[in-house]
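Beneath this line is the structure, given in structure tokens, with notes to follow.
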Amino acid sequence: MKYKRNFVKDLLKSSKVDLDINVKGWVRTKRGNKQVAFVALNDGSTINNIQIVIDVANFNEELIRDITTGASLSVNGKLVKSMGKGQNIEILANEVEIYGTADPETYPLQKKGHTLEFLREIAHLRFRTNTFGAIFRIRHAMSFAIHKYFNDRNFYYLHTPIVTGSDAEGAGEMFRVTNLDMMNPPKTDEGKIDYSKDFFGKETNLTVSGQLEGELGATALSNIYTFGPTFRAENSNTPRHLAEFWMIEPEMAFYDIHDNMDLAEDFLKFLISYALENCKDDIEFLNKMYDKELIERLNFIVENKFERISYTEAIEVLEKAGQKFEFPVKWGYDLQSEHERYLVEKHYKKPVMVTDYPAIIKAFYMKQNDDGKTVRALDVLFPRIGEIIGGSQREEIYDKLKGKINEMGIPEEEMWWYLETRKFGTVPHSGFGLGFERFILFVTGMSNIRDVIPFPRTPKNAEF
RNA sequence: UCCUCAGUAGCUCAGUUGGUUAGAGCACCUGACUGUUAAUCAGGGGGUCGUAGGUUCAAGUCCUACCUGGGGAGCCA
């Protein structure tokens with residue numbers, strides 16, 4: 001007899017007892033005695049397991065023995081009210097089929113907890129733990145919510161290139177893309193590598209940001225966003241950096257810096273609310289196991305207005321802090337991690353948006369203020385993780401932008417297409433970038449970025 | 001890349017001023033138990049002490065280099 005496969009998530013919500021059903025999944029634990037065995041089965045649809053009750057007398061002894069932690073099963077049985085404590089319903093098994101056994105001597109996952117460091121070494125199996133199930137369900141929900149947020153507000157999802165011929169974005173070291181023979185590359189007369197012989201006929205790299213291309217879309221479609229992988233070849237060994245990470249970059253025509261801040265705040269609050277409503281079980285688990293203040297912190301973000309200050313005000317606050325900092329507080333120098341942490345965690349005790357940074361420490365494309373010293377940059381600082389968003393109003397005046405490009409020594413001939421958006425029908429516009437994994441760190445309460453992306457790419461590490 | 005801490009059983013760790021045969025908990029295996037909840041109870045097997053050198057009568061323990069991982073910093077998202 002073939003029953004319809006049900007997901008554990010739906011069965012646990014179901015009130016239809018005495019129904020014949022089928023479940024498939026992986027064994028988390030087995031307990032019991034000679035008469036009866038209890039199997040906790042998980043199929044990834046929820047963090048919760050369903051209990052399978054097996055009357056040992058009705059089953060082959062060998063089959064029962066092969067039901068071990070990690071084995072994959074298909075179970076036909078009857079959904080019934082549980083006779084034991086700890087769960088409302090359970091399944092009385094009629095038939096059990098084992099798809100694949102998991103030798104307990106060699107299967108690395110145990111019933112007991114593992115460290116996150118160990119699980120990182122078995123990233124191919126860590127999906128099967130409660131923790132990573134929760135994290136990647138939340139990651140999915142946040143991806144979905146991002147698309148929903150923008151789609152419902154007339155933003156278009158724009159696919160910017162992953163391979164880029166532009167190395168002027170200035171956001172960091174890039175990974176070269178080439179199919180030249182590295183043992184014997186073609187050379188020019190001067191003895192340099194001849195990239196005109198390369199696949200694209202020029203030097204190409206993996207993108208560090210889709211922003212510049214995003215601006216091209218925004219100056220026609222009004223509102224666009226990108227959501228894709230970006231790459232940085234920086235030798236950064238920290239719990240907050242990846243060589244391959246995902247970034248969300250909205251770009252909006254006719255937005256000034258204030259519109260930009262309004263959007264950033266509303267966007268972040270929407271996503272966190274969405275997580276609290278739709279990922280309740282997973283967030284509660286993470287709150288219990290990893291971060292006792294997680295839910296409290298998420299609610300706090302949703303309920304409170306972000307503080308908005310200028311860089312100059314931030315410097316004044318830090319100067320009056322009466323606290324010794326390792327790095328000096330001085331106008332013209334970038335805010336260090338310890339400064340950002342002081343502003344967010346000690347002084348304002350809430351997310352802080354800092355604007356109008358000194359021009360010399362920010363990128364060429366940012367809108368220049370009338371004071372001649374600052375630009376309309378925007379950083380959103382969050383507790384625990386620091387800078388979660390970086391953005392700005394963009395310089396839309398052709399001469400000013402061109403002047404800045406020359407001043408910073410960026411080859412103008414590579415930026416001709418970018419400059420033309422300011423030559424033809426230019427508009428004030430703004431945008432920002434949200435580091436997806438940093439945001440997921442915040443929502444899950446995890447502390448290492450390598451635990452919130454399925455396959456982390458970091459210096460000296462591209463296993464799996 | 002810099003600073004710092006660590007690497008001992010499948011996992012998490014203990015191992016004293018260098019000194020006999022390197023321990024524990026969990027996991028695993030065997031047995032007991034008529035409904036368990038990270039089940040419980042009894043017994044058992046399991047180790048190139050990260051790698052390579054060095055000091056010493058003697059090194060898990062001290063020294064050097066390297067590898068790997070954690071934390072902090074820089075770069076940033």
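These numbers come from a predicted model, not from an experiment. Chain identifiers are assigned alphabetically (A, B, ...) following the order of the sequence lines, protein sequences preceding nucleic acid strands; residue numbering begins at 1 within each chain.
- At a cut-off of 3.5 angstrom, the base of B:rC76 holds at least one donor-acceptor pair with the side chain of A:His241.
- Legend: ring pair (Phe, Tyr, Trp, His ring centres under 6.0 Å) pairs involving residues 20-72 of chain A, not counting sequence neighbours: none detected.
- Among the protein residues, A:Phe118 comes within range of the sugar-phosphate backbone only, with heavy atoms under 4.0 Å from sugar or phosphate atoms but none that close to a base.
- Comparing the P positions of B:rU17 and B:rC26 gives a spacing of 29 Å, expressed to the nearest Å.
- Contacts classified as side chain to side chain donor-acceptor pair (under 3.5 Å) and involving residues 261-272 of chain A (residues at least two apart or in different chains) are given here: A:Tyr149-A:Asp266, A:Asp262-A:Arg308, A:Glu265-A:Lys269, A:Glu265-A:Arg308.
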Show me the dot-bracket string of RNA chain B, counting Watson-Crick or G-U pairs under 3.5 Å, with | for pairs to another strand and [ ] for crossing ones. (((((((..((((.....[...)))).(((((.......))))).....(((((..]....))))))))))))....
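- Whole-Å rounding puts the A:Phe285 CZ to B:rA38 P distance at 12 Å.
- A:Phe325 and A:His339 have their aromatic ring centers within a separation under 6.0 angstrom.
- Within the 4.0 angstrom heavy-atom criterion, no nucleotide atom of any strand lies near A:Leu434.
- Note on residues 104-130 of chain A: pairs passing ring pair (Phe, Tyr, Trp, His ring centres under 6.0 Å), not counting sequence neighbours, are A:His114-A:Phe118, A:His124-A:Phe464, A:Phe127-A:Phe136, A:Phe127-A:Phe455.
- Under 4.0 angstrom from either OP1 or OP2 of B:rA38 there lies no side-chain N or O belonging to A:Thr29.
- Comparing the C1' positions of B:rU12 and B:rG70 gives a spacing of 15 Å, expressed to the nearest Å.
- Look at the P atom in both B:rG60 and B:rA52: the space between them is 13 Å, to the nearest Å.
- In this structure, A:Phe227 has its ring center at least 6.0 angstrom away from the ring center of A:Tyr157.
- Within the 4.0 angstrom heavy-atom criterion, base atoms lie near A:Leu242.
- Checking side-chain atoms of A:Asp281 against main-chain N and O of A:Glu284 turns up no donor-acceptor pair under 3.5 Å.
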Give me, pair by pair, the N or O atoms of the protein and of nucleotides 69-73 of chain B that are less than 3.5 Å apart, along with how far apart they are.
residue, atom, partner, partner atom, Å
B:rG70, OP1, A:Arg120, NH1, 2.5
B:rG71, OP2, A:Asn448, ND2, 3.4
B:rA73, OP1, A:Arg341, NH2, 2.5
B:rA73, N6, A:Asn237, O, 3.4

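- What separates CG of A:Leu335 from P of B:rG74 is a distance of 11 Å, to the nearest Å.
- B:rA14 and B:rU55 have their C1' atoms separated by 27 Å, given to the nearest Å.
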Name the pairs: protein N/O against N/O of nucleotides 26-36 of chain B, kept only if under 3.5 Å.
residue, atom, partner, partner atom, Å
B:rC28, O2', A:Glu105, OE1, 3.2
B:rC28, O2', A:Glu105, OE2, 3.0
B:rA32, OP1, A:Lys34, NZ, 3.3
B:rU34, O4', A:Gln35, OE1, 3.3
B:rG35, OP1, A:Asn33, ND2, 2.9
B:rG35, N1, A:Glu90, OE2, 2.8
B:rG35, N2, A:Gly84, N, 3.4
B:rG35, N2, A:Glu90, OE1, 2.6
B:rG35, N2, A:Glu90, OE2, 3.0
B:rU36, O2, A:Arg31, NE, 2.7
B:rU36, O2, A:Arg31, NH2, 3.2
B:rU36, N3, A:Gln51, OE1, 2.9
B:rU36, N3, A:Gln51, NE2, 3.1
B:rU36, O4, A:Gln51, NE2, 2.4
B:rU36, O4, A:Gln87, NE2, 3.0

